[in-house]
Amino acid sequence: MRKVTYSMNVSLDGYIVGPDGSFNWTAPNEEVFRFWIDEIRHIDVHLLGRRLYETMLYWETADQDPSLDDADREWTALWNPLPKVVFSSTLSAVQGHARLASGSLAEEIERLRAEPGEGDIAIGGATLAAEAAAAGLIDEYQAMVHPVLVGGGIPFFPQGERRVDLELVETRTFSSKFVYLHYRVAR
């Protein structure tokens, strides 16, 4: 059965977006970007909330930009054909290899887990991940910790979540600046 993995960039104080709504501090350096390129190769489908979907729309046409470097082109070549399921109550249409979710998050995950495939089901966006976490649907948490304190905003982990015991899978330090943390839910 395919696992559900929640991966996001996060500030050291635990936020994916700052209090002013910005996340410009999440820009990866070359080494971190290469890491995310390698990670996406293990994904079969990506579940996104509306805000993350709209943020990632840039990549749908980025390959037409002649100023892209090789890493950006490689990311675009992997991201664009990747199937995406968007959860939104306000969007009526999506672009590219995305579709609007037709069922609840739990129903979509159950259906996707039943499909053949070896890659993970990635989930992005704090609101969507909070819903999945509350239902016990997340198998792994991956956080790329950025060396910044933003002082508030949208937290990586939902507030008031039930206790979840985790097992460390991997840690990695990048350029002595970023730290990657990978945990598996202990079941």
Side-chain angles (χ1 to χ4, degrees), residues 1-12 14-17 23-49 51-60 62-63 68-87 96-98 105 108-109 112-113 115-133 137-148 154-157 164 166-186:
M1 183 181 298
R2 297 191 290 176
K3 62 186 179 228
V4 176
T5 303
Y6 172 38
S7 301
M8 294 289 290
N9 293 302
V10 60
S11 65
L12 182 60
Y15 297 95
I16 63 166
V17 174
F23 53 91
N24 56 350
W25 49 269
T26 66
N29 67 13
E30 185 177 323
E31 183 185 21
V32 170
F33 192 49
R34 170 62 44 203
F35 173 80
W36 286 126
I37 289 170
D38 293 341
E39 284 295 301
I40 201 169
R41 295 177 194 283
H42 306 286
I43 304 297
D44 275 353
V45 62
H46 204 295
L47 311 179
L48 303 97
R51 284 183 288 217
L52 182 58
Y53 166 74
E54 288 175 340
T55 299
M56 296 302 288
L57 271 177
Y58 163 79
W59 294 104
E60 292 295 326
D63 59 350
L68 286 186
D69 64 21
D70 289 342
D72 288 335
R73 290 191 187 291
E74 187 175 357
W75 171 266
T76 301
L78 294 165
W79 177 258
N80 284 350
L82 182 68
K84 299 161 200 78
V85 180
V86 181
F87 291 81
H97 284 92
L105 179 58
E108 288 286 347
I109 288 175
L112 291 168
R113 280 185 168 163
E115 289 179 355
E118 295 182 19
D120 294 341
I121 300 166
I123 189 165
T127 303
L128 191 61
E131 183 181 339
L137 298 172
I138 296 180
D139 301 303
E140 294 186 356
Y141 291 87
Q142 299 174 345
M144 182 66 70
V145 182
H146 289 248
V148 61
I154 299 174
F156 179 88
F157 294 105
V164 177
L166 304 171
E167 299 170 349
L168 183 63
V169 174
E170 177 184 3
T171 63
R172 185 168 166 188
T173 302
F174 294 85
S175 305
S176 300
K177 187 173 182 179
F178 303 94
V179 177
Y180 171 73
L181 302 170
H182 180 181
Y183 288 92
R184 178 182 308 115
V185 174

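Bear in mind the structure is a predicted one, so any value in this text is a computation, not a measurement.
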Please confirm whether the backbone N or O of [Y] pairs with a side-chain atom of [X], one donor and one acceptor, at under 3.5 Å?
X: His97; Y: Leu82; result: no
X: Arg113; Y: Arg2; result: yes
X: Lys3; Y: Arg184; result: no
X: Tyr6; Y: Ala133; result: no
X: Glu140; Y: Val185; result: no

Within a strict 4.5 Å, meaning less than it, do heavy atoms of the [X] and [Y] side chains meet?
X: Asn9; Y: Trp36; value: yes
X: Asn29; Y: Ser175; value: yes
X: Glu39; Y: Tyr180; value: yes

* Any chance you could lay out the side-chain contact (heavy atoms from CB on, under 4.5 Å) test for His146 and Ser11, step after step, and finish with the verdict? => CA-CA 5 Å; His146 289 248; Ser11 65; 5.6 Å; no
* Hey, is Arg73 close enough to Asp63 for a salt bridge, meaning N to O under 4.0 Å? ->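 No salt bridge links Arg73 with Asp63.
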Do you know the tightest heavy-atom contact between [X] and [Y]?
X: Ile40; Y: Ile37; answer: CG2-O, 3.1 Å
X: Trp25; Y: Val148; answer: CE3-CG1, 3.5 Å
X: Gly125; Y: Leu52; answer: N-CD2, 3.7 Å
X: Leu128; Y: Leu48; answer: CD2-C, 3.5 Å
X: Ile154; Y: Ala126; answer: CG2-CB, 3.5 Å
X: Gly117; Y: Asp44; answer: CA-OD2, 3.5 Å

* Would you please classify the geometry between the Trp75 ring and the Trp59 ring as parallel, tilted or perpendicular, with 30° and 60° separating the classes? =>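 Answer is perpendicular, since the angle exceeds 60°.
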* Tyr183 and Glu170: side-chain contact (heavy atoms from CB on, under 4.5 Å), yes or no, with the steps? -> CA-CA 7 Å; Tyr183 288 92; Glu170 177 184 3; over 6 Å; no
Measure the [atom1]-[atom2] distance between [X] and [Y] for me, rounded to the nearest 0.5 Å.
X: Tyr58; Y: Met56; atom1: OH; atom2: CE; value: 10.5 Å
X: Gln142; Y: Ile123; atom1: CD; atom2: CD1; value: 12.5 Å
X: Thr5; Y: Tyr141; atom1: OG1; atom2: OH; value: 10.5 Å
X: Ser7; Y: His182; atom1: OG; atom2: NE2; value: 7.5 Å
X: Ile138; Y: Glu131; atom1: CD1; atom2: CD; value: 10.5 Å
X: Thr76; Y: Glu60; atom1: OG1; atom2: CD; value: 9.5 Å

* Stepwise side-chain contact (heavy atoms from CB on, under 4.5 Å) check, Leu78 with Arg41 -> CA-CA 7 Å; Leu78 294 165; Arg41 295 177 194 283; 3.8 Å; yes
* Asked: Distance only, no hydrogens: is a donor on one side chain within 3.5 Å (strictly under) of an acceptor on the other, for His42 and Asp120?
  ->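 Distance-only check fails for His42 and Asp120.
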* **side-chain contact (heavy atoms from CB on, under 4.5 Å) evaluation trace for Ile109 with Leu47** => CA-CA 9 Å; Ile109 288 175; Leu47 311 179; 3.7 Å; yes
* Between Tyr15 and Phe23, is the gap from one ring center to the other below 6.0 Å? ->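 No; Phe23 has its ring centre 6.0 Å or more from that of Tyr15.
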* Is the Phe178 to Phe35 ring centre distance short of 6.0 Å? ->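 Centroid distance Phe178-Phe35: not below 6.0 Å, so no.
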* Residues, nucleotides or ligands: over 12 heavy atoms within 6.0 Å of Glu31 CD ->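 Counting other residues, nucleotides and ligands, CD of Glu31 exceeds 12 neighbours.
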* Asked: With a cut-off of 6.0 Å (strictly less than), are more than 12 heavy atoms of other residues, nucleotides or ligands near CG of Asp70?
  ->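 No, not enclosed.
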